[in-house]
Amino acid sequence: MTDTPLLRLDGLTKRYGALLVTDNVTLDFPEGELHAILGPNGAGKTTLMHQVSGLIDPDGGQILFEGRDVTALPMRERVRRGIARTFQITSILPGFSALENVALAVQGRSGSSFRFFGIAASEKALNEEAAKLLSLVGLGARMDILAGALSHGEKRALEIAIALATQPRLLLLDEPLAGMGNEESARMIEILKRLKQEYTILLIEHDMDAVFALADRVTVLLYGRVIATDTPDAVRASPEVRAAYLGEDAA
Amino acid sequence: MRGLKKVLLSAVAFAALGGVAQAAPAEKVKIGLVTTLTGPSAVLGQQIRDGFLLSVQQNGGKIGGIEAEVIVVDDEQKPDVAVNRVRGLIERDKVDFVVGPVFSNIAVAMFKPVVQSETFFISPNSGTSNFAGRDCSPYYFVTSYQNDQMHGVLGKHAQNEGLKRVVLMVPNYQAGKDSVAGFKRHYEGEIVDEIYTSLGQLDFSAELARIAALQPDALFTFMPGGMGVNLTKQFRQAGLADKVKFLSAFTVDETTLPAQRDDAVGFFGGANWAPDFDNEQSKAFVAAYEAAFDNVPGTYAMQAFDAAQLLDSAVRGVGGDLSDKDAVRAALMKADFPSLRGEFTFNHNGYPIQDFYLVKAAKREDGKYQTEIVEKIFDDYADDYAGQCRLGS
Amino acid sequence: MSTTLLVVQTLNGLQFGILLFLIAAGLTLVFGVMDFVNLAHGVQYMIGAYLAATFTALTGNFLWGLLLALPTALVVGIILEVLVFRHLYERDHLSQVLATFGVILFLNEAVKLIWGAAPLGVPVPEMLSGNVVLMDGVLYPVYRLVIIGAGLAVALLLYFGVNHTRVGMLVRAGASNPRMVSALGVNIGRLFMIVFGFGAMLAGFAGIMVAPILSVEPGMGDNLLILAMVVIVIGGIGSIRGAFIAALLIGLVDTLGRSFFGDLLRLFMPAATASQTGRAIAPMLIYILMAAVLFFRPAGLFPARR
Amino acid sequence: MNEAVIPSAALPKGPFGLRRNLLPAVLFLAFALAPLAVAFGADPFFQSILIRIMIFAIAAISLDLILGFGGMVSLGHAAFIGIGAYAVGILASHGIEEAHVQLPITLAVASLFALVTGAISLRTKGVYFIMITLAFAQMIMFFATSLSAYGGDDGLTIWTRSQVFGSDILGNRTIFYYVTFAVMLGCYLLCRAMVVSRFGRVLRGSKENPVRMEAIGFSPYRFQLAAYVIAGMMCSLAGFLLANQAEFVSPAYMSWQRSGELLIMVILGGLGSLHGAVIGAAALLLLEEGLAGFTEHWKIILGPLLVLVALFLRQGILGLLTGKKNND
């Protein structure tokens, strides 16, 4: 624990009215780790991710990325620093082709976008990198399809490719398996396993099998509070967790 | 599209009066009538159209004995639309005369294209000060009045009556400011307050409360169209009608009285004519107009009727030869027609010299409302800007 | 400026605000619950006024005119809903703008064809035509007090209806989360028709109530529509409470601004400049107010939807 | 209803393909050749109508840039027509009639107004944006009304058209026609280049999904503001030309009804294609012109026509022309 972790949450707190949705969360995310967050619906998982990505502001506490305070930075600044994310409800540009979705993200970090001339869609450098990333998530053959016309699983994969195009150091994935069939899930898990080699990942996921297969560490949230954070096996064994959350499943 | 449109336009214009012979002789007089037919002020535009066409119809569809084609065009009360349409009349339809419009701002917009093309421009209603004075033109004739004169009537009346304290209330736009100037020219008493309302204002309760607090002898106001209807109703309802004399121009007239009804009865206005005007042609006109359109003609209709009569006399005067512009101008200048308001002559600036009256709104025996002449205020009144016009004289 | 004048002007501002509220209430519901941009709301107000004029003239009695005009306004609203608006709920805002703009053109012209271009008037009912003495020397027309009263009654009714009835609950839910309402298995088509018809009737009611004090003429709703939009935007779309407060705010700012803004400026500048500047700025005041409110609260004062 | 509210403006692959260019090419060629028809005996007034159509087409193109590609529904766009027109009118009334002086001032004033009002307006979204743009347009309209020295509500006649280095060539109708045509074509080509550029891609992306744009590191606000300023400047050119064509300026140029008409033109023609805006401007003005010749109650025909277009032609007239099926 001598190194500064890639991401540190320090006493993070968020309220909606009287409801405490993030309750004094303090967590460290070391570089290279895949950290999964579990918890029943309404436990505050997505809200936590929103705060890390900068979509919403916390009411208290700090977010340190690479040791620097990013709490006050807007989302786009955090993206530039290396925090990229996907959303629970797929967020892509449905009217753009899959390739353009990714190429636009590449464009975001390569040179100014205040260029009024020249056809962006024919910029070779952008397209090549985008194509590479699409192949990585298994969409190599679907690049020219309008994103809105892709299947659900393909859209989720596309969103990951978009996030990768920003060259993140930390990848925030909000339920990448949600709504997928068995086959699609299996494919996505393969993709995640590959990503795990290269990126630090914070993952929210309901699919237990996937979580325990992928995660290096697991944190369990309940009513916005961290009730456990440990290796998957230790969490699985924790009586507190079983009682509060897994208990229902185990029974 | 062009041919079709022309035929239809004239057909519409004539159909309105129950069909006039449609034969197209080699020579005919073409008149473009630009007026406001859409929007809240359409009723004024309708009076002008109806008054003008009534005269043409009475002459058997002719002007000066020659077949007349009247092309009625709606300016939509938008200056750029008016400019565009009037250009169409001049360039496409090659009209000999342009008659119109209702509103001064439209007239200002139309002025340049019409006058520059050396087409005669007859205004049946608006008469702005700049075209009477500095910017007067040999192609511009006005059969109504110079705007200030109507306001001056009330100023003069207030002065004659010895009213000591007067409040002025007008909409905050150019014509409103002109009306204040017109009133002040003839009134020397104390002006307690000048209230400027926004154009198109619906509710005058704020202003009326202020007037009630000031307790003046009279209110002078200029609230054309719907504003005037609202103001008179609210003035009456605020209980001011019995305490403050209501003097107005373009506020209580035959176009607004059907809505104001009893609320406006007894209110004073200034005019160059009223439907009860005592002369033969006027009586015949009112009767014919009411029979044809089922409403009481106001000065708008009267001035448009006179405009048609003026054209009739001028075309007759040059024997139908409209090519010699100077001759046409001279014939127009003579104003050799039986004006509904009796005496009518043109000043050198193309604006009329005529009498002005104090009028009062009244309910007729048949239940309709009209303004009636109370007394003559000005005799042979020429406008005050003619001196700045360097035409003719 | 005397205090009596201030009192009367405040009352006038209140009355104008109430009038705006009557129009804005229906508009904010239709906007908020159905996410429907109804530019034709203003012509429904106009139709109310014309119906009142017609029925009052026919029966010779304003109360009968009101009683007949109100359901007729509702029927007109429902006809419009069935013919046009119903097919646009699922469409984008721009299609709605185009269609309702077309409806405005049509109805404004239709009114002119039916009733003529000349303004119509409705006399103030006999028993309400007097004045009351507010304080010595200050009279106030009874009918205007009636408008204030009627407006407050409608506001109360709406408040009760929205907060304590089933339809009201659905309306509130719809304004904050339209998807949820359809998830609840409610017949959305019927809810929308009720809300729309009710909104049209409210606009019609406003038109009927103003017929005795304003001229009834084609296009009379166009400018009020813009004012009503200003009101609901300041108040927060979908919020009845917001519409009420914003309407009073606009009514007061406009009325008081028109009469006292010049006087106020006189404190800072020479009298002539002050009155001229005052005249120039007074009509802009409500727009300045709106821009300022939206600058600090981009979703209005009481945003219904998060 | 929030997703995919506005038909997508994304461009198909190969933005310079033949099919895509055929219609605009025919359209602009028709405008280019129209004066020939006059030379061969057609009604010269037709040329005046076309000039007017092209002027409003310029305004509509600029509105389509922010509406069809940026998703910004402005109900105050006519303010820029007014700014352009008043710049000409006010300068001319002080004897400054040179176009090379008037034009930079027009563009400067328009960009400043767009920058300030856009910066405030873009903080809001949806209907709030519609209304705040309306508010600013109303303010500047009332401001123009209060300018007594420049005619106030009556407006201002422009006695001399803008001079081009001392010559009155804009007074020649055919030259003025081609100047207007050149401006329209220029604006069109500029916008087309812009929407496929890097800038345009970010703008289109921001319209489709601003949160996604933030999540890949863009600030939609800055791009939208830049587009708003560009569109405002472009529209002020329309005002500049309108003032010279009508030889008259008036606060009526900036009324909210005018802004509404611009919106209608864009929607009627077909959103997000730029040449659709030209078609819409032509359609609305020709309909007005044609129907007004037909009957004084032309609005009773135009109204239902607009309703029918809204109900059945989701891509506007353009959808009809390209035969695009109107399903979602």
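Chain letters run A, B, ... following the sequence lines, proteins first, then strands; residues in each count from 1.
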Quick check for you: to the nearest 0.5 Å, what is the distance between T133(D) atom OG1 and Y128(D) atom OH? 14.0 Å

Could you check if a side-chain atom of S219(D) sits within less than 4.5 angstrom of a side-chain atom of E214(D), using non-hydrogen atoms only? no

Interface residue of largest heavy-atom contact number with chain C, from S121(D), G126(D), G303(D), under 4.5 Å: G303(D)

Could you give me the CA-CA distance, side-chain angles and deciding distance for Y86(D) and Y150(D), then say whether ring pair (Phe, Tyr, Trp, His ring centres under 6.0 Å) is met? CA-CA 9 Å; Y86(D) 266 92; Y150(D) 305 108; 7.8 Å; no

Start with the C-alpha gap between Q224(D) and S206(D), add the side-chain angles, then the distance that decides, and say whether side chain to side chain contact (heavy atoms under 4.5 Å, CB included) holds. CA-CA 8 Å; Q224(D) 286 167 337; S206(D) 304; 4.1 Å; yes

Only pairs of heavy atoms separated by less than 4.5 Å count here; which of M284(C), M290(C), K112(C), R297(C) has the most with chain D? M284(C)

So how far is it from I140(D) CD1 to Q138(D) CD, rounded to the nearest 0.5 Å? 11.5 Å

For a side-chain contact (heavy atoms from CB on, under 4.5 Å) with D64(D), tell me which candidate from I267(D), L271(D), V278(D) qualifies. L271(D)

With chain D, which of I232(C), V37(C), L98(C) has the greatest number of heavy-atom pairs at distances under 4.5 Å? L98(C)

I288(C) portion near chain D, given a 4.5 angstrom heavy-atom threshold: both

Out of L39(C), L113(C), V97(C), return the one with the most heavy atom pairs under 4.5 angstrom to chain D. L113(C)

Chain C contact via F129(D) - which portion, at a heavy-atom distance below 4.5 Å: neither

V230(C) portion near chain D, given a 4.5 angstrom heavy-atom threshold: both

Out of V307(D), L305(D), I300(D), return the one with the most heavy atom pairs under 4.5 angstrom to chain C. I300(D)

Can you tell which part of I226(C) gets under 4.5 Å to a heavy atom of chain D, answering side chain, backbone, both or neither? both

N108(C), part contacting chain D, at a heavy-atom distance under 4.5 Å: neither

Angle between ring planes, F21(C) versus F244(C), binned at 30° and 60°: parallel, tilted or perpendicular? perpendicular

